[in-house]
Amino acid sequence: MPELPEVETIARGLNQRVAGDVIESVWLGSKPEPLKSSAQEIAAALESKLISSVRRVGKHIVFALAHSKNGASNSAKETQWIVHLGMTGSLRVCPPASEVAKHTHAILKLASGRELRFVDPRRFGRLSVIEKFKAPGSEPLDISFEDFAALFHGRKTPIKSALLNQKLLSGVGNIYADEALFRAKIRPRRRASSLTRDDLRRLRAALKKVLQEAIRAGGSSISDYVDADGEEGFFQLKHRVYGREGKPCLVCKMPVKRIVVAGRSSHYCPHCQM
DNA sequence: ACTATGTCCTGCGAGC
DNA sequence: TGCTCGCAGGACATAG
């Protein structure tokens, strides 16, 4: 499932491959169920636009669009195409002759002759267009310690839930929340407000570190995640607790436990994490 | 203002 | 072998 490192990897790959290309036409399937925009709005916003850049914001992929025609000093506002991959969404750059995969919900024909396709079996992904996208939460890689600590102040919710709350931090999902909590030696059910400043320092550092390591590894390939070139990431090999229920803790050999927090499976070491 | 829970959706793997 | 069933999860809706 694409979280921050996977989305970062995908956005970088797409930026290399499609930035500078022009969207000639757009086909949209019946229900990509865009959040704020109808299929017509999306198609209208994308058609004959230049993709000036692709980048990540939180778990969102942001395509910056510009008018492709030189002429008329464009007073028209530039728009951004926002793609959220949900659980199983993927964006693929394909030769037009290649077979259209099942669950393809959008196809963009590019001036270069290639196609950019959005495929999403589970349909949790979302497409939308907006003038200026702003993530509701803070970027975990950029946030200062004081801002980080303030996010959790007075919150009774389990720290695991708080980490997953995109209004607080943008981009942290189930895998990296578990991995960061393990590295910081904090149990997922701990009330966020109960974390000491030292806990918070370790947590912020662990989160940044695990996200950066995962980006360097090209993300975690779980289920069918691949990047823009179809390459798998390999950070899943470095997971210390996620998906390791019953297996020995890599530090103390105690079996890793799995519990449910906020309806999400959460993995931790009962010996190493307090 | 927070927090907790249910919902969406399909593929896959466990279990019989 | 082949079937059913339950689980996986991000973000929103709804209820408390």
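Residue numbers begin at 1 in each chain, while the letters A, B, ... track the order of the sequences.
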Practice task
Would you please confirm or rule out a distance under 4.0 Å between OP1 or OP2 of dG9(C) and any side-chain N or O of Y242(A)?
Solution key: yes
Exercise for the section: State which of dG9(C), dA11(C), dA4(B) makes the closest approach to the side chain of M87(A). Expected result: dG9(C)
Fill in the blank from the handout: Separation of dT3(B) atom P from K167(A) atom NZ, nearest Å, is 12 Å
Problem - Under 5.5 Å and under 30°: F124(A) stacked on dG9(C) - result: yes
Practice task
Check each of Q273(A), H239(A), H267(A) against F182(A) using the side-chain contact (heavy atoms from CB on, under 4.5 Å) test, and report the only one that passes.
Solution key: Q273(A)
Handout entry: D120(A) and H103(A): side chain donor to acceptor below 3.5 Å
Key = no
Practice task
Mind listing the closest non-hydrogen atom pair of P136(A) and Q166(A) along with its distance?
Solution key: CG-O, 3.7 Å
Exercise for the section: Identify whether any heavy atom of P136(A) sits under 4.0 Å from a base atom; if not, whether one sits that close to sugar-phosphate; answer base, sugar-phosphate or nothing. Expected result: nothing
Handout entry: Audit row: E146(A), R197(A), salt bridge (charged side-chain N to carboxylate O under 4.0 Å, His left out) steps and yes/no
Key = CA-CA 10 Å; E146(A) 289 305 333; R197(A) 285 180 71 82; 2.7 Å; yes
Problem - Length of the CG-P vector between D178(A) and dG10(C), whole Å - result: 10 Å
Exercise for the section: Take the C1' atoms of the five end pairs on each side of the helix from dC2(B)-dG16(C) to dC16(B)-dG2(C), get both axes, and report the angle to 10 degrees. Expected result: 40°
Handout entry: Short side-chain N/O contact to dG10(C) OP1/OP2 from H84(A), under 4.0 Å
Key = no
Problem - Polar contact flag, side-chain donor to acceptor under 3.5 angstrom, R191(A)-S193(A) - result: no
Exercise for the section: Indicate whether OP1 or OP2 belonging to dG9(C) is found under 4.0 Å from a side-chain N or O atom of S265(A). Expected result: yes
Practice task
For R123(A) and dT10(B), give me the distance from atom CZ to atom P, rounded to whole Å.
Solution key: 6 Å
Exercise for the section: Using whole Å, report how far CG of N165(A) lies from P of dA1(B). Expected result: 15 Å
Exercise for the section: May I ask you to decide if the ring planes of W81(A) and F63(A) are parallel, tilted or perpendicular, using 30° and 60° as cut-offs? Expected result: tilted
Exercise for the section: For dC9(B), take OP1 and OP2 only and decide whether either is under 4.0 Å from a side-chain N or O of H103(A). Expected result: no
Fill in the blank from the handout: Residue pair R264(A)/K102(A) against DNA chain B: nearer the 5' end by closest nucleotide is R264(A)
Practice task
Give a yes-or-no answer on whether the side chains of R117(A) and S98(A) include a donor-acceptor pair shorter than 3.5 Å.
Solution key: yes
Fill in the blank from the handout: The remaining residues in the hydrophobic cluster of I82(A), counting side-chain heavy-atom contacts under 4.5 Å among Ile, Leu, Val, Met, Phe, Trp and Tyr, are V57(A), V62(A), I130(A), F133(A)
Exercise for the section: Please check the phosphate of dA4(B) (OP1 and OP2 only) for any side-chain N or O of T157(A) closer than 4.0 Å. Expected result: yes
Handout entry: Side-chain N,O (R126(A)) to OP1/OP2 (dA11(C)) below 4.0 Å
Key = no
Practice task
Rounded off to whole Å, could you give me the NE2-to-C1' distance for the H239(A) and dA8(C) pair?
Solution key: 15 Å
Handout entry: Value in whole Å for how far the P atom of dA8(C) lies from CZ of R122(A)
Key = 11 Å
Exercise for the section: Rounded to the nearest angstrom, tell me the gap between atom CD1 in I259(A) and atom P in dG9(C). Expected result: 13 Å
Practice task
Nearest whole angstrom, please: distance from the P of dT3(B) to the CZ of R189(A).
Solution key: 17 Å
